[in-house]
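Just so it is clear: chains get the letters A, B, ... in the order the sequence lines come, proteins before strands, and each one is counted from 1. Just so it is clear, the structure is predicted and the values come from calculations on it, not from any experiment.
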2 protein chains.
Amino acid sequence: MPKIVDAEARRHEVVQAVFRIIASDGLERASLREVADEAGLAVGSVRHYFASSDELLVFSFGAVIDRIAGRLEASLASVEDASPESVEQHNAVLNLLGQFLPLDEELAVDACVWMAFRHAARIKPVLAAEAERSHRTVAAIVGRLIMILSPGEADDQQTLVTVAERLLATMDGLCMHALLQPEWMTAEMCSDVLMAHLRSLRTAPAGP
Amino acid sequence: MPKIVDAEARRHEVVQAVFRIIASDGLERASLREVADEAGLAVGSVRHYFASSDELLVFSFGAVIDRIAGRLEASLASVEDASPESVEQHNAVLNLLGQFLPLDEELAVDACVWMAFRHAARIKPVLAAEAERSHRTVAAIVGRLIMILSPGEADDQQTLVTVAERLLATMDGLCMHALLQPEWMTAEMCSDVLMAHLRSLRTAPAGP
DNA sequence: GGTGTTGAAGCACGTTCGTGCTAAAAACTA
DNA sequence: TAGTTTTTAGCACGAACGTGCTTCAACACC
């Protein structure tokens, strides 16, 4: 009946425009007019696919969560495939944790967008549900990683959660610094800190 | 000659209003009109003390940096006064690192404001200088703390910087999680993660 | 070929923003 | 009391925002 347009592809294009705007100009600049311009559409067209500005933002938040979670899941599979304590496993772990950091252009955009939405969710209630999903999803993946790296700690749920939260906090802090102070927190510095933290996970799994 | 008003005190009151608005509604809501309302003044009055919106925001950013740095310096003095390896020193260190976290109302407001400005500085060039000052100041304090805790590492500048950046990243990540996911990252969880990290600093200062 | 649904575009309204500018109010001096 | 200067208050303008609503073109089906 109607003009044939792949609606899902269009929505994806619009979301990509949202990502680019957030990464370069910040979330508050991701207005319908700016997004429409960036996507090469009119405001009315964007609103044809997203009923409101809020719906567009929530959908975009969900999209970036899915992208990041997908990458992490794939990397986690590599970790699981490698034999324990091997060099391959170590590299797979480094690769997984590197997914958190803005090490290339694509990762940097995702990291910017992810951070922006999570911080905005503190204020905007519409984003709260996705923010919690984001935290739950990533925490689960990091928890599984910890269980692979030090299975002994899986006995004590308390310890497992603490170790996982510590790794997660460190990764988020590293990502933040890499985004906000790129001159100080270079890729090498990220790598150094990351390896130092992994070392501390191996050598000091528990203690008084 | 004129009406006697303590200009510095007035500016401080306005800045406090800015802090409250940022903490409760976010930085983008800290407009001149909102700030004037919150401070119980007219827009023209606020603009009498701050020539523009940018000037108000930059001044507020500097104010929160000074507050946080002041607290950290005071806590660092306590660490320096305590005898090495003592329980008093351990508690002083915990107290210092606790200054990063939103453990009470005042700390939470400062943490919100601090985070908001640092993230905004990625986009707004007017805030860039203060953001760098913020990073330099806090990194210097954390570096001094590391030198106190493990003087041996002070030999290798590279290692010192890595350890300091790791601690800083972990603290920023913890602060972020405490602000964004307060149900998950409770005060107890913060304390657990913090002590686990301190343990890892002591037991694994260096290695292959 | 006509018809109706859908994609695309745009207008209009009310709100909020920063800011230049004006003017009243207040308080100290002469 | 009259004058001077700081402080306070407010108006007006252009720009940007979200959104309800209308209009037009394009295409698949009867």
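Formation of a donor-acceptor pair under 3.5 Å by the B/R47 side chain with backbone atoms of B/S53 is not found in this model. Formation of a donor-acceptor pair under 3.5 Å by the B/T137 side chain with backbone atoms of B/R133 is found in this model.
Rounded to whole Å, the distance from CZ on A/R10 to C1' on C/dT6 is 13 Å. What separates CZ of B/F50 from C1' of D/dT7 is a distance of 15 Å, to the nearest Å. Per the geometry, CD belonging to B/E13 stands 10 Å off P belonging to D/dT8, to the nearest Å.
Taking side-chain N and O atoms only, A/S45 has a distance below 4.0 Å to OP1 or OP2 of C/dA9. Contact annotation: A/Y49 side-chain N/O to C/dT6 OP1/OP2 distance is not under 4.0 Å. Dashed line: the shortest gap from a side-chain N or O of B/H48 to OP1 or OP2 of D/dT7 is under 4.0 Å.
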B/D172 and B/R118: CA distance, side-chain angles, deciding distance, salt bridge (charged side-chain N to carboxylate O under 4.0 Å, His left out) verdict: CA-CA 11 Å; B/D172 270 330; B/R118 289 163 74 195; 2.9 Å; yes
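Scanning residues 14-24 of chain A for heavy-atom distances under 4.0 Å to DNA chain C yields an empty list.
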Could you run through nucleotides 13-25 of chain C and give me one letter per nucleotide, 5' to 3': B if any protein heavy atom sits under 4.0 Å from the base, S if only the sugar-phosphate is that close, - if neither? ----BBBB-----
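Applying the ring-ring contact (aromatic ring centres under 6.0 Å, His included) rule to pairs touching residues 155-176 of chain A yields nothing, sequence neighbours excluded. The salt bridge (Lys or Arg N to Asp or Glu O under 4.0 Å) analysis of residues 69-79 of chain B, with sequence neighbours excluded, yields the pairs B/R71-B/E106, B/R71-B/D110, B/E73-B/R144. Within the structure, no pair that satisfies the salt bridge (Lys or Arg N to Asp or Glu O under 4.0 Å) test touches residues 179-189 of chain A, not counting sequence neighbours.
Scanning for side-chain hydrogen bond (donor to acceptor under 3.5 Å, both in side chains) contacts around A/Q181 gives an empty result, with sequence neighbours left out.
Between A/L174 and B/R166 the shortest side-chain heavy-atom distance does not fall below 4.5 Å.
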